[in-house]
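Notes follow once the structure below has been shown.
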Amino acid sequence: MKPGFYDRPVLEVARDLIGCMVTHQDCAGVIVETEAYHDSEPACHAFVGLTPRTETLFGPPGRAYVYRSYGIHALLNAVCEPPGVGAAVLIRALEPIEGLDHMRARRGVEAVRQLCSGPGKLTQALGIELHHNGSDLLSGPVVFSPRPRAWRDVEISIDTRIGITRAAELPWRFCAAGSRFLSRPVGAASAV
DNA sequence: CATGGGATTGACT
DNA sequence: GTCAATCCCATGC
């Protein structure tokens, strides 16, 4: 992405990341689902202020924020907005493009739709771990790159965020309209 | 120092 | 639909 891409309001970045590519080593996918988080609302980890955990969130934009969820999964975010503001875009689903066999080996499943259709699934498929927290998204090893031509005019659907209890009413979830690779259909309120 | 709660997933009823 | 697994870390005594 261009320098400065992430130094903007997190809602704009979350929308603009739909259709962009995520690459790690030999695996790559197109982002089809994101969510925005900002320190002004209680669902965001940064809501509690600057702590060891949220240090990356309050740091410079364009870095990866990777944290452990439910003691099991690593979740990938792109840090946004200027230093001092705790904001990030959660990457929730990818359409697999390259390295599918490597993804299958790490995920232990065959179906393409099962490889990256969830925030914990895609980090497992791409081999993204906690030690990637704080890494630069321009220089890698985890790299975000602009939309391929075919995704230039992707249509965006907006929905409420998934799996949170606080500020659950905010429409801060962005999806590639009609994608078969979402973690969950648009408009499917709760349900597990 | 002890405790409680997740930005989830997959197995089972 | 229901539920356990599992661990980092914020919070409170």
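A quick note: this is a predicted structure, and the numbers were derived from the prediction, not measured. Lettering follows sequence order; numbering is per chain, from 1.
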Using atom [atom1] of [X] as one end and atom [atom2] of [N] as the other, report the distance to the nearest whole Å.
X: A:L90; N: B:dA7; atom1: CG; atom2: C1'; result: 5 Å
X: A:I164; N: B:dG5; atom1: CD1; atom2: P; result: 18 Å
X: A:E169; N: B:dA7; atom1: CD; atom2: P; result: 15 Å
X: A:L76; N: B:dT8; atom1: CG; atom2: C1'; result: 15 Å
X: A:H45; N: B:dT8; atom1: NE2; atom2: C1'; result: 12 Å
X: A:R161; N: B:dT8; atom1: CZ; atom2: C1'; result: 16 Å
X: A:R113; N: B:dT9; atom1: CZ; atom2: P; result: 15 Å
X: A:R166; N: B:dA7; atom1: CZ; atom2: C1'; result: 11 Å

Next on the checklist: Judged by each residue's nearest nucleotide on DNA chain B, which is more toward the 5′ side, A:Q114 or A:N77?
Outcome noted: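 Nearest-nucleotide comparison on DNA chain B picks A:N77.
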Checklist entry - If you pin A:K121 and A:G163 to their nearest nucleotides in DNA chain B, which one's is more 5'? => result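 Result: A:G163.
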Checklist entry - Picking from A:L90, A:T56, A:V89, A:L75, what satisfies side chain to side chain contact (heavy atoms under 4.5 Å, CB included) with A:Y65? => result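 So, applying the side chain to side chain contact (heavy atoms under 4.5 Å, CB included) to A:Y65 and each of A:L90, A:T56, A:V89, A:L75, only A:T56 qualifies.
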Next on the checklist: By the definition side chain to side chain contact (heavy atoms under 4.5 Å, CB included), identify the one residue from A:I158, A:D159, A:T160, A:T34 that meets it with A:R173.
Outcome noted: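 Running side chain to side chain contact (heavy atoms under 4.5 Å, CB included) over A:I158, A:D159, A:T160, A:T34 with A:R173 returns exactly one hit, A:D159.
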Next on the checklist: Strictly under 4.0 angstrom, non-hydrogen atoms only: write out the protein contact profile of nucleotides 6-13 of chain C, one letter per nucleotide from the 5' end, B, S or -.
Outcome noted: BB-SSS--
Item to check | A:R8 to A:F5, cation-pi by 6.0 Å centre distance and 45° axis angle | outcome: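 Yes.
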Does any N or O in the side chain of [X] come within less than 3.5 Å of the main-chain N or O of [Y], such that one atom is a donor and the other an acceptor?
X: A:D136; Y: A:L138; answer: yes
X: A:R166; Y: A:P42; answer: yes
X: A:R106; Y: A:A125; answer: yes

Checklist entry - Picking from A:E35, A:E41, A:E169, what satisfies side chain to side chain donor-acceptor pair (under 3.5 Å) with A:R161? => result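 The side chain to side chain donor-acceptor pair (under 3.5 Å) with A:R161 is passed solely by A:E41 among A:E35, A:E41, A:E169.
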Item to check | Whether A:Y37 stacks on the six-membered ring of B:dA7 base, 5.5 Å and 30° limits | outcome: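 Yes, the aromatic ring of A:Y37 stacks with the base.
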Checklist entry - If pairing requires Watson-Crick or G-U wobble contacts with both distances under 3.5 Å, which nucleotide is the partner of C:dT6? => result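 Because no pair has both required distances under 3.5 Å, C:dT6 counts as unpaired.
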Checklist entry - For A:R107, which contact category applies under a 4.0 Å heavy-atom criterion: base, sugar-phosphate, or nothing? => result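 If one applies the 4.0 Å heavy-atom cut-off, A:R107 turns out to touch the sugar-phosphate alone, with no base involved.
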